[in-house]
2 protein chains.
Amino acid sequence: MVEYSRHLDAVFHALADPTRRAMLGHLAERELTIGELATPFHMSFAGASKHVRVLENAGLVKRTIRGRTHLCRLEAARLAEANAWLRRYERFWNAKLDALEALLLEEDKAKAKKVKE
Amino acid sequence: MVEYSRHLDAVFHALADPTRRAMLGHLAERELTIGELATPFHMSFAGASKHVRVLENAGLVKRTIRGRTHLCRLEAARLAEANAWLRRYERFWNAKLDALEALLLEEDKAKAKKVKE
DNA sequence: CGAATACTCAACCATGTGGTTTAGTATAGA
DNA sequence: TCTATACTAAACCACATGGTTGAGTATTCG
């Protein structure tokens with residue numbers, strides 16, 4: 001759980017930029033080269049390339065060099081880690097789950113009582 | 001959906017720091033003052049205070065000034081937004097949820113149909 | 001009142017960030 | 001082979017970040 005920490009730093013930092021989030025969105029459709037990733041943005045090629053590097057370092061993108069083009073594909077495992085971290089706070093934003101939790105808690109109490117008896 | 005973008009920048013940036021993530025963890029237990037939030041960390045009081053400010057600006061923490069102490073409580077709505085963003089990639093890391101997603105999508109379609117009618 | 005407490009603000013520092021441009025490397029294709 | 005393509009690397013810029021210290025502002029309490 002603590003092992004996530006380093007990952008999470010990099011992943012959340014990578015996600016904190018709208019360009020990079022958009023890039024991930026495009027990669028969700030299909031694999032793309034650096035050039036294809038770069039074109040939608042008003043930015044130099046090198047600039048976009050640096051964003052891809054950040055995503056790669058965060059483990060969100062894997063690169064396959066094929067000839068002179070670099071094919072990038074989405075790697076979702078680290079997104080799953082980030083999601084897992086966020087889910088720990090789910091009960092704070094989801095009242096329905098709060099009620100469920102209360103229910104389960106009571107069930108647990110009932111069980112505990114039975115065990116004691 | 002695009003409206004999230006500004007929020008997401010701030011939220012993900014706030015979450016990219018382990019000190020701030022730990023602070024949120026503590027706030028999940030109970031409301032805390034700035035001083036209580038600061039003590040666990042090897043850091044000046046003012047330094048910790050700046051972290052709280054970042055969380056506050058990201059909308060993750062609400063502050064209630066009570067006399068000379070500032071009580072902070074977790075505000076999870078923005079975490080929910082971040083979670084919603086991440087969930088769009090769920091199918092990439094969880095094959096089982098893929099089926100669920102398809103199901104929900106059909107339900108949504110059914111609902112949309114009803115609304116239209 | 002006076003002193004301790006809880007906190008902010010401002011200035012400062014080193015480093016990191018997002019962006020650029022220019023130059024360089026390696027591959028593909030005429 | 002010669003040139004266009006796809007990309008990286010490096011140097012540079014302005015600005016943000018995470019951290020510090022020191023001073024300032026309320027508020028509480030003896």
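Below, read A as the first sequence line, B as the second, and so on, with proteins coming before strands; counting in each chain starts at 1. This is a predicted model, so every value here is computed, not measured. What you see below is based on every heavy atom in this structure, not just the backbone, and it leaves out hydrogens, waters and symmetry mates.
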Rounded to whole angstroms, how far apart are [atom1] on [X] and [atom2] on [N]?
X	N	atom1	atom2	result
B/Phe45	D/dG22	CZ	P	17 Å
A/His13	C/dT17	NE2	C1'	6 Å
B/Met43	D/dG19	CE	P	4 Å
B/Arg63	C/dC7	CZ	C1'	9 Å
A/Leu37	D/dC7	CG	C1'	13 Å
B/Phe12	D/dT17	CZ	P	17 Å
B/Asn57	D/dA16	CG	P	14 Å
B/Glu56	C/dT8	CD	C1'	12 Å

(Q) Donor-acceptor check, side chain of B/Arg21 to backbone of B/Leu15, threshold 3.5 angstrom: yes or no? (A)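 Present.
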Among [options], find the nucleotide with the atom closest to the side chain of [X].
X	options	result
B/Ala46	D/dA4, D/dA9, D/dT21	D/dT21
B/Asp17	D/dG18, D/dT28, C/dC9	D/dG18
B/Lys50	C/dG19, C/dA6, D/dG18	D/dG18
A/Ile34	D/dC7, C/dT8, C/dG18	D/dC7
B/Arg53	D/dT20, D/dA6, C/dT8	C/dT8

Side-chain N or O of [X] versus OP1/OP2 of [N]: is the shortest distance under 4.0 Å?
X	N	result
B/Arg20	D/dG18	yes
A/Ser49	D/dC7	no
A/Ser44	C/dT20	yes
B/His70	C/dT8	yes
B/Thr33	C/dA6	no

Q) Under 4.0 Å between a Lys/Arg side-chain N and an Asp/Glu carboxylate O for B/Glu75 and B/Arg63? A)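 Salt bridge: no.
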**Q.** Ion pair B/Arg30/B/Glu36, N-O distance below 4.0 Å
**A.**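 Looking at B/Glu36 together with B/Arg30, the answer is yes, because their closest N to O distance falls below 4.0 Å.
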Q) Mind checking whether B/Ile34 and B/Thr69 have side chains closer than 4.5 Å, heavy atoms only? A)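 Answer no - side chains too far apart.
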Q. Below 4.5 Å, heavy atoms only, C-beta onward: do B/Asp17 and A/Phe12 meet side chain to side chain?
A.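 B/Asp17 does not reach A/Phe12 side chain to side chain.
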Q: Using side-chain contact (heavy atoms from CB on, under 4.5 Å) as the criterion, point out the one residue from A/His26, A/Arg73, A/His70 that pairs with A/Leu32.
A: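 The single option meeting the side-chain contact (heavy atoms from CB on, under 4.5 Å) with A/Leu32 is A/His26.
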Q: Using heavy atoms to find the nearest nucleotide of DNA chain D for B/His51 and B/Arg68 separately, return the residue whose nucleotide is more 5′.
A: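 Checking each residue's closest nucleotide, the 5'-ward one belongs to B/His51.
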Q: Mind checking B/Gly47 for me? I need base, sugar-phosphate or nothing, with any heavy atom below 4.0 Å counting as a touch.
A: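 Base, at least one base heavy atom under 4.0 Å.
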Q: With DNA chain C as reference, determine whether A/Thr19 or A/Gly67 sits nearer its 5' end, using the nearest nucleotide of each.
A: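 Result of the comparison: A/Thr19.
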